[in-house]
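Reading through the structure tokens given below for one structure.
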Amino acid sequence: MDIETVPAEPIAGQKPGTSGLRKKTKVFLKPGYLENYIQAIIDGIGGVAGGTFVIGGDGRYGNRRAMQTLIRMLAANGARHLIIGREGLLSTPAASCLIRKRQADGGFIFSASHNAGGEDGDFGLKYNIANGGPAPEAVTAAIYEATKTIAFYRIAEMAPVDLAKIGTSERDGMSVEVVDPVADYAALMEELFDFEAIAALFSEGFTLSYDAMNAATGPYAKAILEERLGAPEGTVVNGEPLADFGGLHPDPNPVHARKLFELMASPEAPDMGAASDGDGDRNLVLGPGLPVSPSDSIAILAANAHLAPGYAKGPVGLARSMPTSRALDRVAERLGVPLFETPTGWKFFGNLLDAGKITLCGEESAGAGSDHVREKDGLWAVLLWLNILARRKETIPEIARTHWALFGRNYYTRHDYEALDTESAEALMAELSTRLPELAGTSAGTLTVEAADDFAYRDPIDGSLTEHQGLRILFSGGGRAVFRLSGTGTEGATLRVYLERFEADAEKHGLDPQEALKPILEAAREVARIKAHIGRTHPDVIT
Ligand code: G1P
Ligand code: ZN
């Protein structure tokens, strides 16, 4: 094998965030940028010699070319075996599933998740470790260190691998195996869920509209929902993975999945609406006339998980990210199992899952998952909902309402202020954080601040400490506001304001969380002086 050692200068700004390195596509296309970062991953993880690695992505613009570069670089650095999804496609949960099933040393996932794709959109690369989950802080820190000291990268001369053909080929001592991206994942789903009951539900006329947003989950959803479970053709919409997502923005929120929201609010609404994001790890579930907030969804899934064969014994423990609503805490309490509160980002669930401390976990940002893989899993959440619906024989609104009647309701919303000038956003956070100690007892809007802190997390398994994970303000009456800056944006800063309020009487404030949360919103605006800092009163996205 001809190996070229190319001198490389450290390139600024290659700091992996909560989900790997995410940048504008044009940044990744700069000569040497991708190569430089790949070599930093290889060096940061201590080399790849003799190793087995999974490679996949969400099919977005630039993926295939980037994969050929990765394959040549893994070869040059001594990897022994590569497992690649056909056409370079693997949803993030399917990649996690493959890494675990094939006992690979790790995996490379090309995706910018729910960010827009294309030449003017975003691109990303994430490294997952042998447990199938996102690289933990220690590993991303080592990768970042390597980006700063890199002196050269290694790349092999080789003809491009034919990603369209399933099968194994040998390349100078490295074997390259192209696999069906769906098969192993679908088999795992069949182990977890009562496929017979779900198939019966569809055969009785249950209707679902699943929007795959022209991204990674299309082939999975078609194979599982339409082919195996007998849902009528057309159940999966936007089911072809396209390099530009067909011009759609693959983020299943009220703005980018507006059509689905409109359909579910109309008289033509099917029994269930669902969507997933670019790489298939997020999920959205809507009932006719009632979108289920992700925080409620994970609570309802946890309370009913025992209805699915894979979770028949019920969860051993539950976890949520700090800004996620505390609806899940009430479920944990009733089940008599521990509840862990972690920082934002799926990687913080990894240790708890590996140690068998939790079975289900979730985030407010449309992420839910379990110990079946080490990533959140969009289609898994939809299948668990279907399994529950098949067993309970109630509608989604009925299930949500019964849940609230039993547990009370945590009204919840997240307000995002996007593309802010970084300085003003940081100034808002800095000022609020300095004022935290003096806030208790002061008034904000019609409420009083009861407590305020800067969230830090001590990992119960490895003892590591993660600080500055969001500013929490607790108000009189049980309301809460959380402030944090996004770690996944690619343009300026995004301020996220999370608002929550508990009511034992679930119908007291009606169904609309925005109405119920008005006092909390007013208090949050005042406490953080949002308008004064960023000059805005209205968020860009409300979820
Ligand atoms: C966002 C979500 C977070 C999720 C992450 C990766 O991160 O808020 O829950 O884990 O994307 O999907 P953020 O932009 O808030 O840092
Ligand atoms: Zn995603």
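Counting starts at 1 for both ligands and their atoms, in listed order.
If you number the atoms of ligand 1 from 1 as listed, the ones under 4.0 Å from a heavy atom of Gly345 come out as 10 (O). Each of the following atoms of ligand 1 lies closer than 4.0 Å to a heavy atom of Arg484: 13 (P), 15 (O), 16 (O).
For the pair Lys15 and Tyr144, the cation sits on the ring face: its NZ or CZ lies under 6.0 Å from the ring centre, inside 45° of the axis.
Ring pair His372/Trp380 is parallel by interplanar angle, where below 30° counts as parallel and above 60° as perpendicular. Taking the six-membered ring for Trp and thresholds of 30 and 60 degrees, Phe349 and Trp346 have ring planes more than 60 degrees apart, a perpendicular arrangement.
Proximity annotation for atom 13 (P) of ligand 1: of Arg22, Arg496, Lys376, Arg496 comes nearest, heavy atoms only. The closest heavy-atom contact to atom 1 (C) of ligand 1, among the options Glu375, Lys126, Arg282, comes from Arg282.
A donor-acceptor contact shorter than 3.5 Å links the side chain of Glu226 to the backbone of Thr235.
Distances between N or O atoms of Gly487 and those of ligand 1 include at least one value under 3.5 Å. The shortest N or O to N or O distance between His114 and ligand 1 is not under 3.5 Å.
Inclusion of Asp279 in the first shell of the Zn ion (ligand 2) is supported: an N, O or S atom falls under 2.8 Å. At a cut-off of 2.8 Å, Ser111 is not counted among the residues with an N, O or S atom near the Zn ion (ligand 2).
The Zn ion (ligand 2) sits nearest to atom OD1 when only the N, O or S atoms of Asp281 are considered. Take the N/O/S atoms of Asp277: the one nearest the Zn ion (ligand 2) is OD2.
Counting heavy atoms closer than 4.0 Å to ligand 1, residue Ser365 contributes side-chain atoms (C-beta onward) but none from N, CA, C or O.
Ion pairing between a basic and an acidic side chain is recognised when a charged N comes within 4.0 Å of a carboxylate O; Glu522 and Arg525 show no such pairing. At a threshold of 4.0 Å, the pair Lys26-Glu119 does not count as salt-bridged, since none of the basic side-chain nitrogens sits closer than that to a carboxylate oxygen.
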